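Each remark here refers to the structure printed beneath this line.
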Amino acid sequence: MNKQNLLSLNQEALNDFFVCLGEKHYRTKQVMQWIYKVHEFDFDKMFNFSKPLREELNKIACIEFPKVVKQKFALDKVIKWVLALSKDNYIEMVYIPDKDRGTLCISSQVGCALACTFCSTGMQGFNKNLTTGEIIAQVLIANKYLNSKRISNVVFMGMGEPLLNEQAVYNACDLLLDDLAFGLSRRKVTISTSGIVPAILRMSKRTPVSLAISLHAPNNQLRDKLVPVNQKYSIEKLLKACKVYLNAGTQERHILFEYVMLENVNDSTEHANKLAKLLKTISAKVNLIPFNSFERTQYKSSNTQTIKQFQDILYQQGIRTMMRRTRGEDIDGACGQLAGRVLNKTKKPDARKY
Ligand code: SAH
Ligand code: SF4
């Protein structure tokens with residue numbers, strides 16, 4: 001029998017788990033205290049559990065982590081971890097420090113099926129969805145290496161498309177926001193997506209976390225090439241779903257639009273003007289990302305001056321625009337450089353399926 005990894009259960013699921021064992025609800029709070037506050041993962045050491053309960057937990061449950069196989073430190077203090085989920089599946093996560101706090105960039109899949117042409121993860125195909133436990137374990141592992149207080153933001157911008165692994169990602173978001181677990185505010189947790197429209201509509205109702213959209217092109221003809229899932233969900237459909245997200249929930253929401261700057265591909269003044277026009281009616285912030293290179297890519301990054309001009313055009317038309325500083329480049333830890341390892345590439349990417 002497969003043991004239940006307790007890291008895969010959000011508070012509600014833990015309640016159900018303990019009720020099935022004939023235990024009271026307060027066991028949920030106790031076990032979450034052990035796991036997320038004390039960082040104790042051995043049932044035998046959870047002294048406020050009765051001996052029969054500890055024995056039962058050892059029989060049917062576990063608290064299991066991927067193995068850390070590599071830890072790399074960049075000159076700018078970015079840290080990258082390579083984690084083994086099994087002997088064939090490796091993922092990567094990155095910590096980007098900023099003064100005394102920082103952002104943890106986590107993975108949601110091994111590889112990615114969406115095959116964006118400028119992305120190293122997308123080039124390698126897809127192998128599997130991560131479980132909630134495998135997602136949450138990344139945050140616990142980073143917490144252990146750093147000091148819990150130092151992770152201020154968690155972003156699903158590592159390997160994979162989080163909105164093609166919805167249930168596991170939403171349950172992980174529950175734990176990231178839960179005061180009994182990580183207690184982050186909804187603004188500090190971000191799901192980044194290349195635009196899976198029906199999932200954005202579901203996410204709007206299911207979780208209040210922040211949304212980032214990987215747009216990368218202001219017209220369908222170009223976006224079809226760069227982000228092939230656009231062939232299924234056009235820019236018009238995507239922006240309509242964005243408006244549903246913005247109007248859902250009781251608190252004010254914004255969307256971060258990511259735009260990778262590719263020399264002579266999507267970086268002209270016409271592109272900037274078209275982008276400004278598209279985003280005018282949306283509560284948007286734009287993040288311009290210099291393209292991060294990897295082996296066998298046909299693209300080059302736009303130069304700083306072009307990016308600055310692009311930024312000015314957006315800015316003059318009232319769009320808040322930032323330029324993302326490239327971090328962790330010397331350890332291949334920058335956006336889009338996370339490769340992990342996908343040995344079983346039988347599941348070839350086909351964006352039109354979704
Ligand atoms: N699949 C999701 C999240 C993971 S990718 C998504 O696409 O949004 C995280 C971000 O890195 C996305 O905005 C993606 O477009 C960007 N990215 C991918 N490859 C990149 C590269 N080579 N250089 C810069 N950014 C890249
Ligand atoms: Fe997948 Fe995102 Fe990379 Fe596109 S950019 S291939 S959606 S990980």
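As the structure lists them, so they are numbered: ligands from 1, and atoms in each ligand from 1. None of these values were measured; they are calculated from a predicted model.
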May I ask you to check whether Phe118 has an N/O atom sitting below 3.5 Å from an N/O atom of ligand 1? yes

Relative to the heavy atoms of Phe156, which atoms of ligand 1 are at a distance of less than 4.0 Å? 3 (C)

Quick one: are the ring centres of Phe47 and Trp34 less than 6.0 Å apart? yes

Enumerate the atoms of ligand 1 whose separation from the nearest heavy atom of Ile289 is less than 4.0 angstrom. 24 (C), 25 (N)

Less than 6.0 angstrom separating the ring centers of Tyr259 and Phe310, yes or no? yes

Quick check on Arg187: does its CZ atom have over 12 non-hydrogen neighbours (other residues, nucleotides or ligands) under 6.0 Å away? no

Which is closest to atom 14 (C) of ligand 1 by heavy-atom distance: Met261, Met159, His216? His216

Residues, nucleotides or ligands: over 12 heavy atoms within 6.0 Å of Glu263 CD: yes

Counting heavy atoms only, which of Ser192, Ala212, Ser214, Ser293 is nearest atom 3 (C) of ligand 1? Ser192

Side chain, backbone, both or neither: which part of Asn292 comes within less than 4.0 Å of ligand 1 when only heavy atoms are counted? both

Does an N or O anywhere in Glu258 fall below 3.5 Å from an N or O of ligand 1? yes

Flag side-chain contact, heavy atom, 4.5 Å: Leu104 against Val155: no

Contact atoms of ligand 1, heavy-atom distance to Val260 under 4.0 Å: 23 (N), 24 (C), 25 (N)

How far is atom 4 (Fe) of ligand 2 from its nearest protein heavy atom, and which residue and atom name does that atom have? Cys116 SG, 2.3 Å

Ligand-side contact atoms (ligand 2) for residue partner Gly122, heavy atom cut-off under 4.0 Å: 6 (S)

Test: Glu134 and Lys128 ion pair at under 4.0 Å: yes

In the protein, which heavy atom is nearest to atom 2 (Fe) of ligand 2, and how far is it? Gly160 O, 4.5 Å

Measuring from atom 5 (S) of ligand 1, which candidate in Gly158, Ser108, Cys119 has the nearest non-hydrogen atom? Gly158

Do any of the N/O/S atoms of Cys119, backbone or side chain, fall under 2.8 Å from atom 4 (Fe) of ligand 2? no

Please identify which atoms of ligand 1 are closer than 4.0 Å to at least one heavy atom of Met157. 4 (C), 9 (C)

Check each of Arg206, Glu12, Gln11 against Asn171 using the side-chain hydrogen bond (donor to acceptor under 3.5 Å, both in side chains) test, and report the only one that passes. Arg206

Pair Phe65 and Phe41, ring centroids less than 6.0 Å apart: yes

From the options Cys112, Ser107, Gly160, select the one whose nearest heavy atom is closest to atom 1 (N) of ligand 1. Gly160

Charged N-O contact under 4.0 Å between Glu258 and Arg324: yes

Around atom CD of Gln305, are there more than 12 heavy atoms of other residues, nucleotides or ligands at under 6.0 Å? no

Where does Ser214 meet ligand 2, judged by heavy-atom distances below 4.0 Å: at the side chain, the backbone, both, or neither? neither

Measure the distance from atom 1 (Fe) of ligand 2 to every protein heavy atom, then report the residue, atom name and distance (to 0.1 Å) of the closest one. Cys112 SG, 2.3 Å

Please check if the distance between the ring centroids of Tyr36 and Phe182 is under 6.0 Å. yes

Any salt bridge between Lys51 and Glu55, counting N to O under 4.0 Å? yes

Ligand 2 atoms nearer than 4.0 angstrom to some heavy atom of Ser194 are 7 (S)

Using a 4.0 Å cutoff against the non-hydrogen atoms of Ala115, which atoms of ligand 2 qualify? 6 (S)

Per-atom contacts of ligand 1 with Thr193, taking only distances under 4.0 Å to non-hydrogen atoms: 6 (C), 8 (O)

